[in-house]
Amino acid sequence: MKNSNYFNNTQNISDAVNKLALVFNAEIDDEYDAGCTIRTVEIVEKKSKSRLFNEKEIHLKPYSKTKESIVVANAISGQEVEIIAIEYKES
């Protein structure tokens, strides 16, 4: 099959960066089941004034331009969100 879309599970959040993903975090309140959303995943690093290492935030960007991004702050381990599935495009 060419140009097909699939959803694959991953344990590594970096696999989901800049891809459409089904994401779970207990604090998410979106139009889907409690704690779930479907959004594009971005990781943003910010310089910290009080810590040795940079601070990371996980930005969940909406597919629709009419919604705001969901930001998960203080992402230290990458386990703050669970990536249920990511979009995989076969070319």
Side-chain angles (χ1 to χ4, degrees):
M1 293 179 132
K2 297 279 183 188
N3 298 321
S4 297
N5 291 339
Y6 302 95
F7 282 92
N8 292 336
N9 182 277
T10 184
Q11 298 295 320
N12 187 350
I13 193 167
S14 63
D15 292 340
V17 172
N18 296 321
K19 295 180 183 169
L20 191 62
L22 173 58
V23 179
F24 174 81
N25 174 292
E27 302 298 317
I28 293 174
D29 183 19
D30 210 356
E31 61 193 79
Y32 305 100
D33 286 343
C36 290
T37 190
I38 299 174
R39 299 195 177 217
T40 302
V41 177
E42 289 186 3
I43 297 176
V44 176
E45 286 194 41
K46 295 182 174 185
K47 296 220 182 236
S48 175
K49 295 177 183 175
S50 61
R51 295 184 180 176
L52 178 60
F53 299 104
N54 291 340
E55 295 178 357
K56 290 184 182 179
E57 294 181 342
I58 300 169
H59 290 226
L60 304 173
K61 301 246 177 196
Y63 198 68
S64 167
K65 301 291 183 196
T66 61
K67 295 187 176 192
E68 297 288 322
S69 291
I70 296 171
V71 177
V72 179
N74 299 320
I76 298 167
S77 66
Q79 302 300 315
E80 292 77 14
V81 297
E82 181 180 349
I83 306 298
I84 307 294
I86 57 172
E87 181 180 33
Y88 170 76
K89 292 184 181 180
E90 184 179 79
S91 47

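Keep in mind that this is a model prediction, so the values were computed, not measured.
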dist Lys56:NZ -> Lys46:NZ (nearest 0.5 Å) comes out at 14.5 Å
If I take atom CD from residue Glu68 and atom NZ from residue Lys61, how far apart are they, to the nearest 0.5 angstrom?
10.0 Å
Non-hydrogen side-chain atoms of [X] and [Y] separated by less than 4.5 Å:
X     : Y     : answer
Tyr63 : Ile38 : no
Ile28 : Leu60 : yes
Glu82 : Ile84 : yes

Are Leu22 and Tyr32 in one and the same hydrophobic cluster, where Ile, Leu, Val, Met, Phe, Trp and Tyr link if side-chain heavy atoms are under 4.5 Å apart?
yes
Is there a path of hydrophobic side-chain contacts, each under 4.5 Å between heavy atoms, that joins Val17 and Ile70?
yes
Might you confirm whether atom CG of Asn54 has over 12 heavy atoms from other residues, nucleotides or ligands at distances under 6.0 Å?
yes
Carefully, step by step, assess Asp15 and Ile83 under the rule side chain to side chain contact (heavy atoms under 4.5 Å, CB included).
CA-CA 9 Å; Asp15 292 340; Ile83 306 298; over 6 Å; no
State, to 0.1 Å, how close Phe24 and Ala34 come at their nearest heavy-atom pair, and which atoms those are.
CE1-O, 3.7 Å
Hey, does the side chain of Ser64 reach the backbone of Thr66 with a donor-acceptor pair shorter than 3.5 angstrom?
yes
Backbone N/O of Glu27 and side chain of Asn25: donor-acceptor pair under 3.5 Å
yes
If you apply the rule side chain to side chain contact (heavy atoms under 4.5 Å, CB included), what do you find for Ile43 with Glu57, and how did you get there?
CA-CA 6 Å; Ile43 297 176; Glu57 294 181 342; over 6 Å; no
